[in-house]
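The block underneath contains the structure these notes are about, expressed in structure tokens.
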Amino acid sequence: MKILYLEDNPFDADLTQIELKKHGNGMEMTHVSTIRDALDLLKKQVTNPFDIILTDMNLSDGSGLTLLAEVRNLGIPSAVVVVTGQGDEETAVAALKAGADDYIIKQKDYIKSLPQTLESAIARFKKVKNRFTRPIKVLYAEHNAVDIELTLRHIKTHAPHIQMDIVKDANEMRAALRTATTGTEYDVLLIDFHLPGEDILGLVKEIIADKHFEYPVVLITGQGNEETAVNVLKLGVVDYLVKTNGYLYRLPAILENAHNLLSLFHEKEALAVSEAQFRLLAENARDIIIRLIFRPTFCFDYLSPSVESITGFSSEDIYANPDIFYEAIKEKIPSVNNFIHLLTLTSSPELVFPFTTKDGHRLIMELRGKVTKNDKGQPEKLEGIIRDISERIEIENKLENRMHRLNALHTIDTAINSSFDLRFTYQVLIEQVLTLTKASAACVIFFDPELNDKRLITCLGFSTPEVDLKSYLFKDPLSDRTFTDRRIITSKPEEILDQNYPLHRLIKREGFNSYCAVPLVVKGYVRGVLEIFSKEVLEMDLEISNFLETLAQQAAIALESSQNFERLQKTNQELLQAYDDTLAGWVNFLDLRDEMTEGHTMRVLETTLKICKGFGFSSQELMHINRGVLLHDIGKVGIPDNILNKPGPLTDDEWVIMKKHPEYAYQMLFPIAYLRPSLDIPYCHHEKWDGSGYPRGLKGEEIPLSARIFAIVDVYDALTSDRPYRKAWKKDATIKYIRENSGSHFDPGILEKCLTLLTSSE
Ligand code: C2E
Ligand code: SIN
Ligand code: SIN
Ligand code: FE
């Protein structure tokens, strides 16, 4: 096997070369670091080409896709496999579409599977050699310079197998079309709907009507023009594209489809050539050329010799005994009448059906043809081709599976990023696992090495109730093996059914037939296991096990981020505790300093909480209120001793300073995120209902309810306590005073309820 290896990371290059050497058997590797060197070498080696080109995606002088496009353009008969980094599957898919034979994701142990990947890529390439030899040529009529620039750049990096020429208006386009000669004609026309100076509908009609061109047309419109776009489809435009977010990502596929339609058209045209040419074509074709006669009796009139190499049956066999043919297709087409019916549904029928070959292989065939009718409009004959499309279907399915897997990863990714609830994340994960592996049940178990403890995080698909599952799942040497082996473990029925461990009893009980365990590794330690159970035998091919490994990586990321989150929450709790401890210290200090208010804070706390509970505050709000009350006069730390403890009334200047204490509280507490929700009381407890309070002069319900309640409690407690400037008031006098100030100082709507609650325990 001659390999050209394109990698600019010397470390990766060495590793790969060492690994491939181990495999010996004629692996002959040439290593280069740049696209330029690779192309020089490829052009020199025309007579003795490389079997395969293995290229990294990101190279110092360009993208692996560029090399791929060059290789295909030059018709170099080498398979191409691209190597991408993890998380770059989209580029990998783009590479497949651009004609790569396979891709490899750089992840753990990817080098080990390299020889196998290379061999199958070469086999695949040999089978489909002719498929991607020619680039798709597109003529793009667009006047918007930004769109042109963006499109060209996008196509260059993501779909280099598409060659794009630009024209800026309708006349340039006509000129370009006219000068395109055989071999340089375009495959697809892409036309912007807002091309200046022309009625685009007229232009499109003209192009489609001109049999000389035969170009498929794709129309591109701005947003809001979708309706027009749909209308032009009726003119025969093949497809349209709206310039929405990400439309450039859809563009290559749309152009490819349009091109394929044209190829199909050309193939159909080939059917219309003269009898002689038809024969000639037929003898040499890889496809089976077929002519069926409908009347007087339905029969095979002609089958090209290729039928034998494809199906094992010779044309003579089938002429002599058509039942061979009907037998081979009966899986989907049960009878001859059925076959005739399908063939005559339209004038150009297209059928896809399974075909069982002489040696029992199942192929997928596609029959496309043209029905000729007699004067009475009855079908007379069908001329067409039958093509073995098994390979294509397989590739399409593979691609589709890959897309499904990619989507699964994205779904899981989203769950990880949007939820710290681990159980939810893992539920999404195992749902995806079950869908993709077609297994019956799965569960995720975590292992806490500190506690030497296992935890069932989530499970799906078991008939055994979740509470009972643990006893089967937790003490099991089979799943424990993932902890020591650190790799995917699969087991076949013999292995899992003969033993007497709890897990095996579960497997018998549930009717499972195979088992697979995938370790969840976080920072090098196995922290959990994903266990998959299936009633069918699990097909663990390389691709599925790679996929499961990727899944497990995602799962481990989820585990890690949730552990970080738990740690963060723990830290938060510790922090909160620290704050609360600090608060208690502050309160003590305040009460000590403001001698005469000793015990005031604790008394008002108790009363305020009691009243607030009566007003239906939630426990969360009560927690904030609790802290707010503790801190209500924290601002007084900013008031000098001589003012705070003055035995007589305050002067005007002193009042200015005293009234600053709520503002001080705000300035002190606001920067502390955890105390911010507790600010209402410290900041607003001296506001008055009629707007005459301080610091902001808030009025009525502008004052937070908790602060309105607290104001009543605070004044009640202040007046019934001794102060340096006066003796304690009697309770009755205090209540009378508070009632007198209803509507001016206090909220009249809550006052009576507060007084009732306040005095209820006294
Ligand atoms: P504080 O002693 O905790 O009083 C809280 C609130 O209870 C006062 O807010 C006021 O609304 C009410 N209050 C307390 N004592 C009396 C009183 O004798 N008569 C009346 N009618 N209401 C009373 P205010 O007025 O905004 O005062 C805030 C803080 O300013 C007081 O907290 C106290 O530390 C200080 N303060 C108020 N008046 C004086 C004073 O005459 N001399 C001194 N040295 N400090 C005072
Ligand atoms: C990966 O390969 O690990 C990530 C793929 C993705 O979610 O995009
Ligand atoms: C508080 O944070 O003090 C309670 C919430 C409120 O009164 O709006
Ligand atoms: Fe105060």
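Scanning both residues, L42 and F50, for their nearest heavy atoms gives CD2-CD1, 3.7 Å. Between M173 and L203, the closest heavy-atom pair is CE-CD2, 3.6 Å. Between L363 and I310 the shortest heavy-atom distance is CD1-O, 3.7 Å. Across all their heavy atoms, V167 and A176 have their closest contact at CG1-CB, 4.0 Å. The two atoms that bring A439 and I532 nearest to each other are CB-CG2, 3.3 Å, heavy atoms only. Between F355 and I329 the shortest heavy-atom distance is CD1-CG2, 3.5 Å.
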- request: Could you walk me through whether V80 and I52 pass side-chain contact (heavy atoms from CB on, under 4.5 Å), step by step?
  value: CA-CA 6 Å; V80 178; I52 191 156; over 6 Å; no
Intermediate values then yes/no, side-chain contact (heavy atoms from CB on, under 4.5 Å), L343 and L351: CA-CA 8 Å; L343 290 177; L351 308 181; 3.8 Å; yes
query: Where do F294 and I340 land on the side-chain contact (heavy atoms from CB on, under 4.5 Å) test, with the steps shown first?
result: CA-CA 8 Å; F294 289 96; I340 298 173; 4.0 Å; yes
message: Show, in sequence, the C-alpha distance, side-chain angles and deciding distance for T66 and L68, and conclude whether the side-chain contact (heavy atoms from CB on, under 4.5 Å) test is met.
response: CA-CA 5 Å; T66 311; L68 170 64; over 6 Å; no
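H154 places a side-chain N or O within 3.5 Å of a backbone atom of L248 that can act as its donor or acceptor partner. A distance-only check finds no donor-acceptor pair linking the side chain of R387 to the backbone of L367 [under 3.5 Å]. A side-chain donor-acceptor contact under 3.5 Å links E172 to the backbone of K168. No donor-acceptor pair closer than 3.5 Å links the side chain of D192 to the backbone N or O of E142. The backbone N or O of N48 sits less than 3.5 Å from a side-chain atom of K2, completing a donor-acceptor pair. In this structure, S78 contributes its side chain and P49 its backbone to no donor-acceptor pair below 3.5 Å. A side-chain donor-acceptor contact under 3.5 Å links T435 to the backbone of E431.
Judged by the 6.0 Å distance and 45° axis criteria, K358 is not positioned over the aromatic ring of F313. The cationic atom of K137 (NZ for Lys, CZ for Arg) lies less than 6.0 Å from the six-membered ring centre of Y186 and within 45° of the ring axis.
Counting only heavy atoms from C-beta outward, the side chains of L114 and L54 approach each other to under 4.5 Å. Put simply, the side chain of E331 reaches to within 4.5 Å of the side chain of R362, judged on heavy atoms. Contact annotation: the side chain of D187 never approaches that of V138 to less than 4.5 Å [non-hydrogen atoms, C-beta and beyond]. Inter-residue side-chain proximity for M365 and D388 is flagged as met; some heavy-atom pair is nearer than 4.5 Å. Side-chain contact between I3 and D51 is absent, with no heavy-atom pair separated by less than 4.5 Å. The side-chain heavy atoms of L255 and L190, taken from C-beta on, include a pair separated by under 4.5 Å. Residues L39 and L67 are in side-chain contact: their nearest non-hydrogen atoms beyond the backbone lie under 4.5 Å apart. A 4.5 Å side-chain heavy-atom check between I53 and V81 finds every atom pair outside the cut-off.
Separating the CD atom in Q163 from the CD1 atom in I136 is a distance of 10.5 Å, to the nearest 0.5 Å. To the nearest 0.5 angstrom, E536 atom CD is 6.0 Å from S534 atom OG. Rounding to the nearest 0.5 Å gives a distance of 8.0 Å between NZ of K373 and OG1 of T344. Put simply, CG on D317 and CD1 on I324 are 5.0 Å apart, with the number rounded to the nearest 0.5 Å. For the atom pair CG (N321) and OH (Y326), the distance works out to 10.0 Å, reported to the nearest 0.5 Å. Rounded to the nearest 0.5 Å, atoms OH (Y140) and CD1 (I191) are 11.0 Å apart.
There is no side-chain donor-acceptor pair under 3.5 Å between T346 and S348. Between D359 and T357, the side chains place a donor N or O and an acceptor N or O closer than 3.5 Å (distance only, hydrogens not considered).
In summary, the aromatic rings of F300 and F325 are positioned with their centroids under 6.0 Å apart.
The number of heavy-atom neighbours closer than 6.0 Å to NZ of K205, taken from other residues, nucleotides and ligands shown, is 12 or below.
Salt bridge present: R291 and E383 bring a charged side-chain N and a carboxylate O closer than 4.0 Å. Taking 4.0 Å as the cut-off between side-chain N and carboxylate O, E366 and R368 count as a salt-bridged pair.
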